[in-house]
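Labels below follow one simple rule: chain letters A, B, ... track the order of the sequence lines, proteins then strands, and each chain is numbered from 1.
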Protein chains: 2
Amino acid sequence: MCCEAQFLQRLRERGLRLTPQREMVLRALHEVDSHATAEEIYARVSVQSSAVDLSTVYRTVELLQDLRLLSTIERADGQRAYELIGVHGPHHHLQCRRCGRLSRIEPEAVQPLIETLRQRYGFAAEPDHLVIAGLCEACREREAQEAQSAA
Amino acid sequence: MCCEAQFLQRLRERGLRLTPQREMVLRALHEVDSHATAEEIYARVSVQSSAVDLSTVYRTVELLQDLRLLSTIERADGQRAYELIGVHGPHHHLQCRRCGRLSRIEPEAVQPLIETLRQRYGFAAEPDHLVIAGLCEACREREAQEAQSAA
DNA sequence: GTTTCTGCAAAGCCTTTGCAGGCGG
DNA sequence: CCGCCTGCAAAGGCTTTGCAGAAAC
């Protein structure tokens with residue numbers, strides 16, 4: 001588990017401690033395929049041990065964010081969800097405004113934009129992960145059909 | 001006020017009504033330079049008339065979103081803020097991860113990315129407004145200096 | 001041994017909702 | 001007039017916080 005070592009190191013640098021709870025939260029985040037809410041992490045951790053509190057999940061998530069190991073996303077339904085940076089490698093997301101589905105895209109797609117921003121605005125973009133709204137292919141077809149049948 | 005006419009039209013289409021409260025919220029959003037939170041809109045509206053409730057602000061904001069006249073952003077401090085689409089024209093934002101400042105960029109900068117996404121993923125991106133994290137020029141220099149003096 | 005961390009419970013904050021009366025069309 | 005909107009107040013959901021005991025180092 002690549003991130004555990006990194007986690008441990010960054011904790012040590014700051015004089016912080018590695019606890020079983022923190023390990024479990026980290027593992028849960030690692031297992032989840034996509035983003036997970038605090039509740040989802042909590043549920044997953046609870047299976048292993050009933051001795052972890054929701055507040056600890058929140059505290060650990062905040063810690064991971066400070067350590068730049070975690071990124072946050074706002075889901076279509078407004079729920080906050082978390083994802084480890086670096087598990088799937090850096091990446092970005094497309095979010096369908098109709099079905100709400102998130103899909104992952106390669107960072108290369110965004111690289112030219114980053115270049116442009118640096119040149120034109122002097123801005124060093126570090127999109128841990130960008131969330132781009134739009135219509136996915138399936139929903140686009142659905143909307144096209146609806147428009148037809150409505151006409 | 002370009003958006004008021006559009007607002008009225010879309011309200012009518014749905015059999016909804018134009019009330020003084022809705023006008024005031026719209027005006028407040030129009031006057032604000034950047035994004036405004038519900039509280040900020042409320043404060044601004046309260047100056048004109050003490051007879052507007054916070055819940056009405058929330059309801060109006062939600063309505064404007066349904067009507068696709070308003071977009072939401074999550075500020076660096078986690079606060080939700082709102083901005084009319086089309087007042088400043090379509091645009092995107094750069095958000096500095098250090099000072100939190102938002103700056104506006106032209107949509108053209110993002111156009112090539114939208115093309116790429118369509119071609120490679122069949123995704124019809126409609127970024128009302130994208131928020132791209134990174135370091136602004138000033139903070140980048142500051143960090144560089146700090147790194148130097150630390151060494 | 002210290003200092004950090006945790007669980008528990010309670011508070012806090014922002015946002016939403018129910019309801020009776022008001023008002024736009 | 002009808003049905004949408006509003007203010008008020010209260011509920012709601014998620015997140016944070018205070019505290020005393022437990023645990024890492």
Whole angstrom is fine here: how far is it from CD in A:Gln79 over to P in D:dT15?
8 Å
Say whether A:Gln48 and A:Arg27, considering side chains only, have a donor N or O and an acceptor N or O under 3.5 Å apart.
yes
A:Thr72: what forms a side chain to side chain contact (heavy atoms under 4.5 Å, CB included) with it, not counting sequence neighbours?
A:Gln65, A:Arg80, A:Tyr82
Minimum-distance nucleotide (side-chain atoms of A:Arg22 versus C:dC14, C:dC5, D:dT6)
C:dC5
Between C1' of D:dC14 and CD of A:Glu74, the distance in whole Å:
12 Å
CD/B:Glu4 to CZ/B:Phe7 distance, rounded to the nearest 0.5 angstrom?
8.0 Å
Note, B:Leu64 side chain near B:Leu29 side chain (heavy atom, < 4.5 Å)
yes
Length of the line joining A:Gln9:CD and D:dC25:C1', which is rounded to integer Å:
18 Å
Whole angstrom is fine here: how far is it from CD1 in B:Ile41 over to P in C:dC14?
14 Å
Which part of the nucleic acid does A:Glu39 contact within heavy-atom distance under 4.0 Å: base, sugar-phosphate only, or nothing?
nothing
Could B:Glu137 and A:Arg120 be called an ion pair, given the rule that one side-chain N must be under 4.0 Å from one carboxylate O?
no
Whole angstrom is fine here: how far is it from CD in A:Glu13 over to P in C:dT4?
17 Å
Gap between atom CD of A:Gln21 and atom CE of A:Met24 - 0.5 Å precision
5.5 Å
Answer yes if the side chains of B:His35 and B:Gln79 hold a donor-acceptor pair under 3.5 Å, and no otherwise.
no
In this structure, how many angstroms lie between the C1' atom of D:dG13 and the OH atom of A:Tyr42, rounded?
16 Å
When the nearest nucleotide of DNA chain C is assigned to A:Thr56 and to A:Gly15 on a heavy-atom basis, which residue is associated with the more 5' position?
A:Gly15
CZ of A:Arg10 versus P of C:dT4: gap in Å, rounded?
21 Å
Does A:Gln21 make a side-chain N or O approach to OP1 or OP2 of C:dC5 shorter than 4.0 Å?
no
B/S/- along nucleotides 16-25 of chain C (protein heavy atoms under 4.0 Å) is BBB-----BS
